[in-house]
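Here is the structure we will look at.
Fair warning: this is a prediction, and the values are worked out from it, not measured in the lab. Heavy atoms only: backbone and side chains are in, while hydrogens, waters and symmetry mates are out. Per chain, numbering begins at 1; letters A, B, ... match sequence-line order.
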2 protein chains.
Amino acid sequence: MYTESIEDYLKAIYEIQKEYGKVSTNSLSEKLNVAPASVTSMIKKLSEKKLVTHKRYQGVKLTKAGQKISLEIIRHHRLIELYLAEALGVPWDQVHEEAEKWEHVLSEDLEDRMDAVLGHPTRDPHGSPIPSRDGTITELDSIPLADLRSGQSAVVAEVSDHDPDLLRYVGKMGLYPKTKFKVLSIEPFNGPIKIQVEGSEHILGSGAAQYVFVTEVELPQSEMT
Amino acid sequence: MYTESIEDYLKAIYEIQKEYGKVSTNSLSEKLNVAPASVTSMIKKLSEKKLVTHKRYQGVKLTKAGQKISLEIIRHHRLIELYLAEALGVPWDQVHEEAEKWEHVLSEDLEDRMDAVLGHPTRDPHGSPIPSRDGTITELDSIPLADLRSGQSAVVAEVSDHDPDLLRYVGKMGLYPKTKFKVLSIEPFNGPIKIQVEGSEHILGSGAAQYVFVTEVELPQSEMT
DNA sequence: AATAGAATTTAGACCCACCTAAAAATAATA
DNA sequence: TATTATTTTTAGGTGGGTCTAAATTCTATT
Ligand SMILES: [Mn+2]
Ligand SMILES: [Mn+2]
Ligand SMILES: [Mn+2]
Ligand SMILES: [Mn+2]
């Protein structure tokens, strides 16, 4: 078993790698709220343990072993989030914090039991895919809601789960994963977006729309090719 | 919040205090599997934080503040044990290990939700009382099964939860809390004990009988006063 | 009361994860 | 290309929790 710290680093590396491709010391420093110097020394440790490869001043990359552990922790995290939401009614903006701690002490046995109770789910409450036990994951290809145009319809795929305020904000307008909605209007220069969700209209700030990812985009008739 | 280590020390101190009255450095060393020297230095820390009082070479005693935290952790531990058993079907010999870790990262909110789902229970799967939110606990007054005599009936109150093998052993004969049974015979010099549980007979070693605590003892007619 | 044995504490050290301040390497810009 | 700015690493230090080996203090026994 690895320390909580190591597991959190590996998870962060996986996530940054996925989002930006390259994983710099500074990006880890920011994500994990530790000083860059601390990251450097942890990188040295991870590198000695062959969990990441590292070229000085060039960022890190997960090894096969590192990715395995990383996905194992992400599986814990997301199963826990979903379990808390489903079985104990924890609101979706609070599950992340709880999972952040619990993920490190969850036994494999309990992981399996939760998985079974939930019916072997594939998505967490924010729409993120849950890696399978053997460490495979199918990332979604979705686009930010902010990139849609007037008249388009789409389905919410995933909402970033790192800011509880954001989750409460978009939750208030019903923008949960799998929810279909339509863009009524979108103002230029990152202006507000008017959307229709299940009959009612809402105004969504472009900042938030950056963190809501959508799929199944339908063009309005007039713009079909 | 306190560290996991501090919480485990406080919990151990509470338990030893309850069982033996006096809490020595060595008893903590054994219970926590750390060197006596480590205990001494932790005691110094707990003492500075006013969680225990300590007279050199004389053992420690929880302060009000120390007891409060201790009972808070014990509440977490026992609620978790019960939740795992009830909601996820974890066998009673495995819940302790899982709880030992999770207890330190459980939020108050989740504690309350589990408590509610379980219907505000008062006993964990091993029969131990669950402290209330405000830190009160009513310890049972029970006696070891080993102290019973031939012909007596009693009800299982509590089984020590620190040895999974013991739990599986007594579990096999159905000696769960609230189970009524009768002593058919008991051999002298710590000999084996023959008991009847729900119709069927079992032989119980005296070692195990030391860790099964019973209550509601009924004398056989012939020995009534 | 003296002494042997047991329990406890002190001394000194290790590993982990973090920090700040300063140096070094890389990237951006004039 | 030379200079400046940014990023990353090194150097040195702290606190938390543990260890072993050596003192100290208490307890039991003669
Ligand atoms: Mn975490
Ligand atoms: Mn999530
Ligand atoms: Mn514990
Ligand atoms: Mn228990």
CA sep, side-chain torsions, deciding dist, call: A:H77, A:H96, ring-ring contact (aromatic ring centres under 6.0 Å, His included)
CA-CA 8 Å; A:H77 185 99; A:H96 181 79; 4.6 Å; yes

Within the pair B:K45 and D:dG16, is there a side-chain N or O less than 4.0 Å away from OP1 or OP2?
no

Pairs: protein N or O with nucleotides 3-8 of chain C N or O, under 3.5 Å:
from	atom 1	to	atom 2	distance (Å)
C:dT8	OP2	B:N26	N	2.8

Rounding to an integer number of Å, can you tell me how far A:K44 NZ sits from C:dC15 C1'?
14 Å

Salt bridge or not for A:K101 and A:E4, using N-O below 4.0 Å?
yes

Quick check: are there more than 12 heavy atoms from other residues, nucleotides or ligands sitting under 6.0 Å from OH of B:Y211?
no

Answer yes or no: is there a donor N or O on one side and an acceptor on the other, between the side chain of B:R78 and the main chain of B:D124, under 3.5 Å?
no

Would you mind classifying the nucleic acid contact of A:Y9 as base, sugar-phosphate or nothing, using non-hydrogen atoms under 4.0 angstrom?
sugar-phosphate

With respect to the phosphate group of C:dA17, does any side-chain polar atom (N or O) of A:S41 fall under 4.0 Å of OP1 or OP2?
no

Can a salt bridge be assigned to the pair A:K11 and A:E100 using a cut-off of 4.0 Å between side-chain N and carboxylate O?
yes

Any donor-acceptor pair under 3.5 Å linking the side-chain atoms of A:D109 with those of A:S107?
no

Write down the distance between OH (A:Y2) and P (C:dC16), rounded to a whole number of angstrom.
13 Å

Among D:dT10, C:dC18, D:dC19, find the nucleotide with the atom closest to the side chain of B:S38.
D:dC19

Between D:dT9 (P) and A:L28 (CG): distance, integer Å
11 Å

Does CG belonging to B:D165 count more than 12 external heavy atoms closer than 6.0 Å?
yes

Could you tell me, to 10°, how much the axis swings from one end of the helix from C:dA1-D:dT30 to C:dA30-D:dT1 to the other, five pairs per end?
10°

Rounded off to whole Å, could you give me the CD-to-C1' distance for the A:E4 and C:dC15 pair?
17 Å

Specify the separation, in whole Å, of atom NZ of B:K55 and atom P of C:dT9.
13 Å

Send over the distance from B:K49 NZ to D:dG15 C1', rounded to a whole Å.
10 Å

B:T3 has its side chain closest, among D:dG16, D:dT18, C:dC18, to D:dG16

Measure CD1/A:I6 against P/C:dC15 and give the value in whole Å, please.
15 Å

Return the value, rounded to whole Å, for the distance between atom CG of A:L32 and atom P of C:dC16.
18 Å

Looking just at side-chain N and O atoms, do A:E108 and A:H76 make a donor-acceptor pair shorter than 3.5 Å?
yes

Assess whether a salt bridge exists between B:R133 and B:D115, defined as any Lys/Arg side-chain N lying under 4.0 Å from an Asp/Glu carboxylate O.
no

